[in-house]
Amino acid sequence: MSEDDQTTTACDDIHHLEQQRRENREKIAALGLDPYGLRYDGALSLAGAAARYDEAADVAHQAGVAARKQAQKDHPGAAEPDLPVVTDGRPRVRVAGRVVLHRDNGKLVWINLRDETCESFQIAVSKRECDEAGFGVAKVTDLGDIIAAEGPLMRTKAGEITVWAESVRPMSKCLVPPPEKRAGLSDVETRYRQRYVDLWATPESMRVFRLRSELMSAARRHLEAAGFMEVETPMLQAQAGGAAARPFITHMNALDIELYLRIAPELYLKRLLVGGMRRVFEVNRNFRNEGLDKQHNPEFTMIELYEAYGDMESVMGVTENLVRELARVAATAQGAEGLTLPFGELEIDYARPFERVAYGELFERALGFPMSDTSRVRARAEELGLRVRDEKGVELDDVFVVNEVFEAVAEGSLDHARPTFITHYPSKLSPLTRPNRDDPAVADRADLFIGGMEIAPHYTELNDPDVQASKFREQLAGIDDEESTFRNFDEDFVRALKVGMPPAGGMGLGVDRVVMLLCNQRTIRDVVLFPLMRPEA
RNA sequence: GCCUCCCUAGCUCAAUCGGUAGAGCAGCUGACUCUUAAUCAGCGGGUUGAAGGUUCGAGUCCUUCGGGGGGUACCA
């Protein structure tokens with residue numbers, strides 16, 4: 001088969017709408033311009049351009065034009081020097097963006113551009129005032145093309161701030177027909193798979209990701225101001241520790257070893273405390289080989305932090321301040337009054353001090369009997385159809401049954417509009433957590449819940465190497481299911497603790513979920529730019 | 001993993017009991033120098049996610065497969 005044949009065959013497969021756009025691309029080239037554009041210096045954001053509009057200059061210019069027209073009418077055939085001079089003090093700007101509307105009136109073409117700052121910004125391209133090539137470009141521009149324009153800022157009769165183009169330049173051709181101009185892109189699969197289309201075609205989507213970016217930089221600023229240092233620790237780990245989750249496995253060729261994508265940065269961050277870093281945080285991507293739903297993406301972002309010489313309580317304060325600061329940033333960005341932000345049906349109040357309630361207290365309040373009343377707990381669990389025995393049919397320990405009931409009933413009974421720390425978890429539920437000094441049955445752990453979602457667990461960290469070693473051992477001994485395959489005894493971590501880790505508080509904030517809350521998005525996929533999807537067939 | 005719903009033109013959606021697949025937007029041709037989802041006149045556009053099956057006849061009913069949504073499970 002010759003090359004020509006291949007080209008022909010390929011073209012036959014091209015959809016007629018794409019073919020049409022390819023022809024329009026040729027028409028741009030025929031004007032002597034590169035459809036894929038050149039560097040374009042000095043282009044303002046569309047919002048920035050609109051802000052430059054000068055009412056007085058525009059009015060003065062219009063008056064000048066009117067006076068000149070009047071003079072031409074009054075003195076037909078008057079020589080040029082005798083006519084009033086029109087002074088044009090209107091600011092001239094350069095703009096660029098994606099074409100979202102195109103109205104061709106013959107010798108005057110109206111085009112609306114969009115960029116990340118502005119949904120729609122109008123330019124007018126007139127055959128009389130625009131350069132010839134620019135007018136030609138405007139005539140063959142398709143929806144979705146990226147173009148740039150330069151000209152004075154004026155306001156139309158209908159009152160819309162507009163660039164009256166003196167030149168138009170092609171920046172890039174869009175060969176793919178864009179979504180419907182009004183209804184937009186509603187197919188969620190396409191929105192996630194082709195985020196590049198979603199971002200320009202769905203202003204709400206752009207808004208969310210711009211806000212997410214602002215929140216991340218605000219979080220860094222806030223933590224740095226609070227004396228925390230940002231660090232980066234390994235994502236490829238020989239042992240996946242710091243959480244109980246199934247890891248992703250990969251292989252390193254050079255060393256011929258199995259490596260795991262990290263499930264948590266915890267054990268490395270604690271090593272840094274041993275080394276002498278006092279307050280550290282990592283904005284960390286974690287990978288957990290588990291199911292996906294509205295609150296879980298297999299890779300997700302956490303802000304994990306540790307404070308030497310602190311404890312669970314001190315870190316709860318750090319978290320509360322951080323979350324409140326992020327709420328403030330989100331409120332400002334969204335023009336909200338105060339610190340109450342909507343999340344679905346809820347109005348979540350971030351201003352008031354976060355609620356605190358003990359696990360047992362919440363249990364009793366929600367169920368009407370104490371969790372120590374194990375017969376009633378078991379009865380209720382059976383009633384609710386909850387898991388009371390393991391896969392082999394062996395009855396679960398009381399505390400796990402209590403927790404089943406707790407998660408089914410008590411967590412849901414929280415006031416979701418009020419950020420709440422649940423404290424005093426039973427030790428047995430958090431086997432790796434340090435038991436409370438005054439009451440060893442209680443773990444030094446506090447979980448922040450907002451909007452019905454678990455947002456951030458807090459711990460007073462274990463720093464006794466012998467206790468840590470025995471907890472590793474317990475974890476390995478007790479279980480022989482699939483999960484335990486990935487649990488391991490981290491010898492080096494115990495060695496680090498033997499060197500001596502100061503007492504510390506630690507916390508891991510689920511960033512994606514916080515962004516969901518603050519951007520009022522109900523699914524994690526709407527706050528992750530490229531959520532994991534099954535590969536296209 | 002299990003349950004359930006969805007997949008129709010480039011996009012957003014219709015199609016009654018199983019009876020000739022339609023509309024708006026976008027596109028094409030023409031008109032138009034202050035439009036606003038511009039307007040006006042005309043035109044084209046489909047392997048109904050895929051493959052089987054039932055039927056005289058399938059977008060519609062059945063089976064399998066693919067992709068997606070929701071729920072559920074796993075998830076310190």
Side-chain angles (χ1 to χ4, degrees), chain A residues 14-21 23-24 62 99-112 120-130 135 138 142-144 154-162 164 174-194 197 201-202 241-247 263-264 266 286 288-298 300 385-387 391 399-400 403 407-408 425-433 443 445 447 454 457 459 471 475 479 481-483 487 508 510 522-523 525 531 533-537:
Chain A
I14 292 174
H15 191 275
H16 70 277
L17 291 174
E18 178 175 339
Q19 195 53 51
Q20 203 62 53
R21 285 165 176 265
E23 284 165 22
N24 285 337
Q62 276 176 43
V99 174
V100 291
L101 290 174
H102 185 257
R103 300 180 294 282
D104 187 341
N105 280 25
K107 297 192 182 66
L108 178 63
V109 182
W110 301 92
I111 292 172
N112 288 64
S120 184
F121 180 89
Q122 184 167 266
I123 64 176
V125 188
S126 130
K127 186 171 169 103
R128 196 181 301 135
E129 279 96 352
C130 190
F135 182 72
D142 288 309
L143 295 182
M154 49 85 70
R155 199 190 278 280
T156 62
K157 284 176 185 167
E160 186 157 346
I161 292 173
T162 301
W164 199 267
C174 178
L175 293 175
V176 180
E180 209 268 343
K181 66 185 177 188
R182 202 174 191 201
L185 191 56
S186 68
D187 182 69
V188 291
E189 183 178 354
T190 311
R191 290 188 50 229
Y192 299 150
R193 287 192 193 277
Q194 299 182 36
V197 174
T202 315
R246 267 181 287 244
I263 55 176
E266 172 165 344
N286 294 310
R288 297 189 180 174
N289 207 339
E290 287 152 9
L292 26 165
D293 61 33
K294 289 172 92 166
Q295 289 173 30
H296 298 263
N297 195 54
F300 64 100
L386 298 172
R387 206 165 62 102
E391 294 77 11
V399 71
F400 295 114
N403 199 46
E407 286 182 0
Y425 278 80
S427 271
K428 283 184 180 167
L429 284 178
S430 302
L432 288 182
T433 304
R445 168 185 169 194
D447 243 355
E454 185 186 5
Y459 300 96
K471 286 193 178 285
Q475 282 279 294
I479 321 156
D481 62 3
E482 188 198 351
E483 254 177 67
R487 294 209 177 134
R522 302 307 304 235
T523 84
R525 299 185 141 201
M533 301 289 281
R534 199 181 288 269
E536 285 181 89

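Just so it is clear, the structure is predicted and the values come from calculations on it, not from any experiment. Per chain, numbering begins at 1; letters A, B, ... match sequence-line order.
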Worked verdict on Q122(A) versus R103(A) for side-chain contact (heavy atoms from CB on, under 4.5 Å): CA-CA 11 Å; Q122(A) 184 167 266; R103(A) 300 180 294 282; 2.8 Å; yes
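A gap of 15 Å separates the P atoms of rA21(B) and rA9(B), to the nearest Å. rG18(B) sits 39 Å from rA41(B) when the P atoms are compared, rounded to a whole Å. Rounded to the nearest Å, the gap between the C1' atom of rG46(B) and that of rC5(B) is 25 Å. Nucleotides rU35(B) and rG22(B) place their C1' atoms 31 Å apart, quoted to the nearest Å. The gap from the C1' atom of rG71(B) to that of rU54(B) amounts to 33 Å, rounded to the nearest Å. Of the C1' atoms belonging to rG69(B) and rG30(B), the separation is 45 Å, rounded to the nearest Å. Spacing between rG68(B) and rA15(B) at atom C1', rounded to whole Å, works out to 23 Å. A gap of 37 Å separates the P atoms of rA31(B) and rU8(B), to the nearest Å.
When the side-chain nitrogen and oxygen atoms of K294(A) are compared with OP1 and OP2 of rG71(B), one or more of them lie within a distance under 4.0 Å. Within the 4.0 Å cut-off from OP1 or OP2 of rG10(B), at least one side-chain nitrogen or oxygen of H15(A) is found. Applying the 4.0 Å criterion to OP1 and OP2 of rG67(B), one finds that R534(A) has a side-chain N or O inside that range. At rU33(B), none of the side-chain N or O atoms of K127(A) fall inside 4.0 Å of OP1 or OP2 (strictly under the cut-off). In this structure, N289(A) does not reach the rC74(B) phosphate: none of its side-chain N or O atoms is under 4.0 Å from OP1 or OP2. Under 4.0 angstrom from either OP1 or OP2 of rU36(B) there lies no side-chain N or O belonging to T162(A). Regarding contacts with the backbone of rC11(B), every side-chain N or O of R182(A) stays at 4.0 angstrom or more from both OP1 and OP2. For rG69(B), the OP1/OP2 oxygens have a side-chain nitrogen or oxygen of R525(A) closer than 4.0 Å.
Residue-level contact check: F300(A) touches neither bases nor backbone, having no heavy atom under 4.0 Å from any strand. Residue R522(A) is out of contact with every strand shown, counting any heavy-atom pair closer than 4.0 Å. Using a 4.0 Å heavy-atom criterion, one finds that N112(A) contacts no nucleic acid atom at all. Contact annotation for K157(A): base contact, defined as any heavy-atom pair under 4.0 Å involving a base atom. The residue T156(A) sits close to a base: some heavy atom pair falls under 4.0 Å. Note on R128(A): a base of the nucleic acid sits closer than 4.0 angstrom, heavy atoms only. Nucleic acid contact for G508(A): none, since no nucleic acid atom lies under 4.0 Å from a heavy atom of the residue. Among the protein residues, E160(A) comes within range of the nucleic acid bases, having at least one heavy atom under 4.0 Å from a base atom. Counting non-hydrogen atoms under 4.0 angstrom, N24(A) reaches the backbone sugars and phosphates but no base. At the heavy-atom level, Q122(A) lies under 4.0 Å from base atoms of the strands shown.
Of all nucleotides present, none satisfies the Watson-Crick or G-U wobble test against rA21(B) with each distance under 3.5 Å. When Watson-Crick and G-U wobble pairs are counted only if both distances are under 3.5 Å, rC32(B) pairs with no nucleotide at all. The partner of rA14(B), taking Watson-Crick or G-U wobble pairs whose two distances both stay under 3.5 Å, does not exist in any strand shown. Under the Watson-Crick and G-U wobble criteria, each requiring two contacts below 3.5 Å, nucleotide rC61(B) is paired to rG53(B). Of all nucleotides present, none satisfies the Watson-Crick or G-U wobble test against rA37(B) with each distance under 3.5 Å. Nucleotide rG44(B) forms a pair with no other nucleotide shown, judged by Watson-Crick or G-U wobble geometry with both contacts under 3.5 Å.
Set against rA76(B), rU36(B), rC25(B), the side chain of E266(A) has rA76(B) as its closest nucleotide. For Q20(A), the listed nucleotide lying nearest its side chain is rC28(B); candidates were rA76(B), rC28(B), rG69(B). When each of rC32(B), rG10(B), rC74(B) is scored by its nearest atom to the side-chain atoms of L17(A), the top-ranked nucleotide is rG10(B). If you check rG68(B), rU35(B), rC75(B) against the side chain of H296(A), the one that comes closest is rC75(B). Counting only heavy atoms from C-beta on, K181(A) has its side chain closest to rA37(B) among rG27(B), rA37(B), rG67(B). Listed nucleotides: rG70(B), rA76(B), rU12(B). Nearest to the side chain of T523(A): rG70(B).
When rounded to the nearest whole Å, the span between CH2 of W164(A) and P of rU35(B) equals 10 Å. If you measure from atom CG of L108(A) to atom C1' of rA31(B), you get 15 Å, rounded to the nearest angstrom. Here the C1' atom of nucleotide rC75(B) and the CG atom of N297(A) are 14 Å apart, to the nearest Å. Rounded to an integer number of Å, the gap from CH2 of W110(A) to C1' of rC32(B) is 13 Å. E189(A) has its CD atom 11 Å from the C1' atom of rC6(B), to the nearest Å. For L292(A) and rA73(B), the CG to C1' distance is 13 Å, given to the nearest whole Å. The nearest whole Å value for the distance from the CD1 atom in I123(A) to the C1' atom in rU35(B) is 13 Å. L143(A) has its CG atom 11 Å from the C1' atom of rA37(B), to the nearest Å.
Contact between R193(A) and P535(A) at its shortest, heavy atoms only, is NH1-C, 4.1 Å. Nearest heavy atom pair, residue M533(A) against residue E189(A), reads CE-CG, 3.9 Å. Contact detail for V100(A) and K181(A): the closest heavy-atom pair is O-CB, 4.3 Å.
Looking at E180(A), its side chain does come within 3.5 Å of a backbone N or O of A183(A) through a donor-acceptor pair. In this structure a side-chain-to-backbone donor-acceptor pair under 3.5 Å is present from R21(A) to C174(A).
Annotated as syn: rC17(B), whose glycosidic dihedral is within 90° of 0.
The base of rA38(B) is not paired with the side chain of R103(A) by any donor and acceptor separated by under 3.5 Å.
Between the side chains of T433(A) and R445(A), no donor-acceptor pair is found at a separation under 3.5 Å. Using modelled atom types, one finds no donor on one side chain facing an acceptor on the other under 3.5 Å when comparing Q20(A) with N24(A).
No more than 12 heavy atoms of other residues, nucleotides or ligands shown are found within 6.0 angstrom of NZ on K127(A).
Closest-nucleotide positions on RNA chain B for A243(A) and E129(A) were compared, and the one nearer the 5' end corresponds to E129(A). Mapping D187(A) and M154(A) onto RNA chain B by nearest heavy atom places D187(A) closer to the 5' end of the strand.
Separation of atoms CG (L108(A)) and CH2 (W164(A)) is listed at 5.0 Å; rounding is to 0.5 Å.
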